[in-house]
Amino acid sequence: MVEIELDGKKVDIAPGSMIMHAAEKAGTYIPHFCYHKKLSIAANCRMCLVDVEKAPKPMPACATPVTQGMIVRTKSDKAIRAQKSVMEFLLINHPLDCPICDQGGECQLQDLAVGYGGTGSRYGEEKRVVPNKNVGPLISMEEMSRCIHCTRCVRFGQEVAGVMELGMSHRGEHAEIETFVGATVDSELSGNMIDICPVGALTSKPFRYSARTWEMSRRKSVSPHDSTGANLVVQVKNQKVLRVVPFENEAVNECWIADRDRFSYEALNSADRLTHPMLKQGGEWKTVDWQTALEYVANGLKSVKTEHGAEAIGALLSPHSTVEELFLAAKLVRGLGSSHIDSRLRAAGALATQGVQWLGCSIASLSHLQRALVVGSNLRKDHPLFAQRVRQAVRAGAQVHALVDVTPDWAMALASQKVVSSKDWVPELVQLAAAIAELKGVPPVIKGASNDHWIGVAKSLLSGEQKAILLGNAAAHHQKANSLLVLTDWIARQIGATVGFLSEAANTVGAQLVSAVPTQGGWSTQQMIASDRLKAMVLLNVEPRHDLKGGEFAERAVSKADLVVTLSPFKTNLEISDVLLPIAPFTETSGSFVNAEGRLQSFHAVVKPLGDTRPGWKVLRALGSLLDVAGMSQETSQEVLAQALPGTRSGECVAPERLNNSCKGEVDVDRATDIPCTAAIYQLDGLVRRSPSLQATADAQSVSVGEGADA
């Protein structure tokens with residue numbers, strides 16, 4: 001450790017650290033713009049100039065390494081004069097349009113100008129003007145005259161998003177931050193550039209001119225999309241969600257969120273919202289009160305059970321629903337006597353694991369991997385925040401290998417990539433297993449021959465220390481998912497790696513924990529769709545056309561039931577449903593999600609339910625009471641959670657003995673006959689499908705909404 005003196009205080013800091021790092025450790029704030037703890041050091045803005053004893057001039061704290069015995073003064077006259085001079089320089093060309101700037105009230109330049117700015121300007125010439133630029137539907141670059149060239153956005157693209165979409169052209173007063181040749185900013189993490197811009201040059205296009213920051217209340221929440229469980233701050237004005245930004249949680253999402261976490265809130269205020277219960281009468285939809293709708297559903301389910309037996313009732317539950325909703329929905333259907341319950345909507349079949357399928361390691365550990373094998377995942381689009389962690393590992397020297405059926409843009413350097421049809425993934429992994437067995441001199445899991453590609457991969461995977469095999473959505477939904485897991489489980493044991501599922505939805509792990517999957521002979525989603533024996537179907541946040549394999553075919557299959565009940569925040573499934581029950585989205589209800597690493601995260605409602613909407617767990621509890629199902633008398637969502645996951649508190653991981661990806665069984669080496677069903681990045685769930693800004697992005701434009709889940 002190196003000891004320095006900072007403003008009269010002794011600070012021990014690791015060799016190679018900068019003065020800024022020592023100041024952070026000591027709790028001393030040094031003004032800055034270009035420095036960001038997650039980005040490389042640029043030393044562009046010079047706002048962090050400090051007085052270093054024996055140095056001939058003030059030195060930038062972000063780029064000056066500490067040395068033994070160094071004496072630093074951050075508040076001396078010399079340092080303050082230097083900082084004020086830099087501030088005067090930065091404000092020379094700034095438009096000073098704070099009254100109309102969306103960043104006003106949370107702008108670093110505005111805040112620091114109060115302490116370091118002058119009362120007037122000595123600069124009388126014309127200010128420079130930078131033309132605005134259209135870079136897509138999410139980021140506004142209308143006021144680039146505000147830019148102070150800190151290059152945070154440029155470095156974020158290169159280092160975190162993995163794509164250099166913005167850069168600086170020209171020099172001096174002609175310098176501009178821009179995309180080149182008129183390109184748009186299409187990264188799935190692009191919205192983070194808005195957060196890290198210190199001056200309001202980059203702002204949110206959907207939020208633009210909606211509210212001032214001090215007018216909004218801020219409430220914590222959790223993302224309902226992919227399995228990261230990103231922590232959010234939802235900003236509300238007049239009981240309306242107007243903006244979503246990240247809440248820093250180093251163990252989960254660091255200080256970033258994906259664009260679908262940030263912009264999907266638009267769907268909450270869309271015209272598609274279902275605000276009152278509705279019944280289909282004579283082919284037309286009629287608005288009714290809750291009592292009428294609930295009694296209609298209860299009487300319908302009783303009638304089906306009486307006439308056709310309890311096994312004629314099935315339920316399809318979205319893994320984007322809360323733990324509480326999934327627990328009560330499963331309890332309701334089982335209370336009626338049916339085991340036909342499934343939340344694995346796109347999976348070809350069940351996995352015979354010895355416990356709940358999960359990531360196999362902590363989310364934070366992805367940043368420190370040295371070797372990884374990714375099977376069946378477009379990691380960058382399926383799990384943007386996982387991808388940026390793996391990208392960090394690659395930048396530190398990790399070797400990542402992939403087995404995929406298309407060639408995605410990984411936005412990182414891969415050590416190797418094998419692109420073959422998903423039907424051939426099992427034979428390919430047999431070759432990798434054979435290569436490992438040959439190199440280690442152990443009996444193979446199944447006889448097979450290898451080739452040069454897989455021998456090279458095997459040598460790489462046998463080296464290094466921290467390793468993981470990551471199975472993506474396409475692997476989890478694969479027709480031969482069991483064989484894939486048996487093979488990767490054996491490979492992981494041989495190379496000393498973890499094996500885990502990246503997990504598709506916000507609550508894929510939670511759904512398994514509360515048994516929202518078939519048990520005791522219950523049918524899977526595909527079995528329910530293929531059968532004509534189901535006479536009643538309950539759909540919880542499910543849109544068969546988009547969420548189920550087969551899209552329109554699955555929708556037609558569901559419509560054959562005599563009674564179809566849809567619980568959703570949106571007017572959906574109008575052609576196939578008999579009753580629509582408006583349930584609250586994640587912003588209007590309390591609930592919990594369990595992310596890929598098994599971490600339970602609870603949240604509260606941030607706004608009141610819209611119209612006559614009710615929290616889903618309350619609707620299910622009321623239905624259970626009408627149907628005389630035992631154990632449906634909970635008063636709060638916390639009481640439901642305590643029954644669903646006893647002994648687990650928010651922020652904790654569930655009991656580790658329940659999380660187990662080990663799989664026993666035979667490897668079926670025959671070629672698969674079907675391709676796995678996966679969802680495109682902005683077709684994953686009902687919220688992202690109804691966000692106009694997300695649907696206007698390049699990623700969404702490449703997929704037609706009508707293509708459904710197979711897109």
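The basis for the numbers below is simple: all heavy atoms, side chains too, and nothing from hydrogens, waters or symmetry mates. The first residue of the sequence shown is numbered 1, and numbering continues consecutively from there.
- Summarising the local packing, CG of Asp670 is surrounded by more than 12 heavy atoms from other residues, nucleotides or ligands at distances under 6.0 Å.
- Thr353 places no side-chain N or O within donor-acceptor distance of the main-chain N or O of Val356, the cut-off being under 3.5 Å.
- A 4.5 Å side-chain heavy-atom check between Val404 and Ser377 finds every atom pair outside the cut-off.
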Less than 3.5 Å apart, which donor and acceptor atoms pair up between the side chains of residues 516-524 and the rest of the protein, not counting sequence neighbours?
{"from": "Thr519", "atom 1": "OG1", "to": "Arg334", "atom 2": "NE", "distance (Å)": "3.3"}
{"from": "Thr519", "atom 1": "OG1", "to": "Arg334", "atom 2": "NH2", "distance (Å)": "3.1"}
{"from": "Ser524", "atom 1": "OG", "to": "Gln527", "atom 2": "N", "distance (Å)": "3.3"}
{"from": "Ser524", "atom 1": "OG", "to": "Gln527", "atom 2": "OE1", "distance (Å)": "3.4"}

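- Glu657 CD: more than 12 foreign heavy atoms inside a 6.0 Å radius.
- For Glu250 and Lys38, the salt-bridge test passes: some basic side-chain N is under 4.0 Å from an acidic carboxylate O.
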Handout entry: Trace of the side chain to side chain contact (heavy atoms under 4.5 Å, CB included) decision for Val222 with Leu232
Key = CA-CA 5 Å; Val222 179; Leu232 311 175; 5.9 Å; no
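- Counting only N and O atoms by type, the side chains of His383 and Thr228 include no donor and acceptor under 3.5 Å apart.
- Here the side chains of Leu687 and Phe570 are in contact, with some heavy-atom distance below 4.5 Å.
- At distances below 3.5 Å, at least one donor-acceptor pair connects side-chain atoms of Ser227 with backbone N or O atoms of Ser503.
- Using a 4.5 Å heavy-atom threshold, the side chains of Asn192 and Ile257 count as touching.
- The two residues Arg389 and Val252 have their closest heavy-atom pair at NH2-O, 3.4 Å.
- Between the side chains of Gln392 and Glu159, no donor-acceptor pair is found at a separation under 3.5 Å.
- Between the side chains of Ser590 and Ser637, at least one donor N or O sits under 3.5 Å from an acceptor N or O.
- Put simply, the side chain of Leu351 reaches to within 4.5 Å of the side chain of Phe501, judged on heavy atoms.
- Looking at heavy atoms from C-beta onward, Ile583 lies in side-chain contact with Leu540 at the 4.5 angstrom threshold.
- Of the possible donor and acceptor atoms, none in the side chain of Asp342 sits under 3.5 Å from a partner among the backbone N and O of Leu316.
- Atom CZ of Phe327 is separated from atom CG of Leu620 by 11.5 Å, given to the nearest 0.5 angstrom.
- Each of Gln479, Lys423, Lys549 was evaluated against Asp674; a single residue qualifies, Lys549, per the side-chain hydrogen bond (donor to acceptor under 3.5 Å, both in side chains) test.
- For residues 490-515, the salt bridge (charged side-chain N to carboxylate O under 4.0 Å, His left out) pairs, not counting sequence neighbours, are Arg346-Glu504, Asp489-Arg493.
- Between the side chains of Ser650 and Gln601, no donor N or O sits under 3.5 Å from an acceptor N or O.
- Arg671 CZ: more than 12 foreign heavy atoms inside a 6.0 Å radius.
- Using a 4.5 Å heavy-atom threshold, the side chains of Asn595 and Val509 count as separate.
- Between the side chains of His340 and Glu311, at least one donor N or O sits under 3.5 Å from an acceptor N or O.
- Salt-bridge check for Asp226 with Arg260: passed, with a basic side-chain N closer than 4.0 Å to an acidic carboxylate O.
- Of the N and O atoms on the side chains of Ser602 and Ser592, at least one donor lies less than 3.5 Å from an acceptor on the other residue.
- Under 4.0 Å is where a charged nitrogen must lie from a carboxylate oxygen, and between Lys418 and Glu428 at least one such pair does.
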Exercise for the section: Using the side chain to side chain contact (heavy atoms under 4.5 Å, CB included) rule, take Arg391 and Arg380 through it: C-alpha gap first, then chi angles, then the decisive distance, then the call. Expected result: CA-CA 10 Å; Arg391 198 172 293 122; Arg380 178 182 168 190; 4.1 Å; yes
Handout entry: Test log, rule side chain to side chain contact (heavy atoms under 4.5 Å, CB included), inputs Leu359 and Leu470
Key = CA-CA 8 Å; Leu359 185 60; Leu470 303 172; 4.1 Å; yes
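- Without hydrogens or angle criteria, Asn507 side chain to Pro319 main chain gives no donor-acceptor distance under 3.5 Å.
- Checked by atom type and distance alone, the side chain of Glu652 pairs as donor or acceptor with a backbone atom of Arg649 at under 3.5 Å.
- Side-chain contact between Leu403 and Leu432: absent, with no pair of heavy atoms (C-beta onward) separated by less than 4.5 Å.
- Looking at Arg689 and Asp547, a side-chain N of the basic residue comes within less than 4.0 Å of a carboxylate O on the acidic one, giving a salt bridge.
- Taking the charged nitrogens against the carboxylate oxygens, Arg545 and Glu543 have no contact shorter than 4.0 Å, which rules out a salt bridge.
- Here the side chain of Ser190 pairs a donor or acceptor atom with the backbone of Ser187 at under 3.5 angstrom.
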Practice task
Apply side-chain hydrogen bond (donor to acceptor under 3.5 Å, both in side chains) to His478 and Ser422, showing your working.
Solution key: CA-CA 8 Å; His478 200 275; Ser422 59; 4.6 Å; no
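- Between the side chain of Gln512 and the main chain of Gln357, a donor-acceptor pair closer than 3.5 Å is present.
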Exercise for the section: Test side-chain hydrogen bond (donor to acceptor under 3.5 Å, both in side chains) on Thr697 and Asp699 and set out the steps. Expected result: CA-CA 5 Å; Thr697 60; Asp699 278 325; 5.4 Å; no
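- No donor-acceptor pair closer than 3.5 Å links the side chain of Lys467 to the backbone N or O of Gly496.
- Using modelled atom types and a 3.5 Å distance limit, the side chains of Ser318 and Asn541 yield no donor-acceptor pair.
- Without hydrogens or angle criteria, Asp382 side chain to Leu379 main chain gives no donor-acceptor distance under 3.5 Å.
- Between the side chains of Asp685 and His225, a donor-acceptor pair is found at a separation under 3.5 Å.
- Considering every non-hydrogen atom in both Val499 and Ala492, the closest pair reads CB-CB, 4.0 Å.
- Here side-chain hydrogen bond (donor to acceptor under 3.5 Å, both in side chains) pairs that include residues 430-442, with residues two or more places apart or in two chains, are Gln431-Asn451, Lys440-Gln494.
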Problem - ring-ring contact (aromatic ring centres under 6.0 Å, His included) between Phe593 and Phe586, intermediate numbers included - result: CA-CA 10 Å; Phe593 295 128; Phe586 80 107; 7.3 Å; no
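- Within the 3.5 Å criterion, the main-chain N or O of Pro224 finds a donor-acceptor partner in the side chain of His320.
- Here the rule is side-chain contact (heavy atoms from CB on, under 4.5 Å) with Leu539, and of Thr572, Leu317, Leu548, Val558 only Val558 fits it.
- Using a 4.5 Å heavy-atom cutoff, the side chains of Cys361 and Thr498 are in contact.
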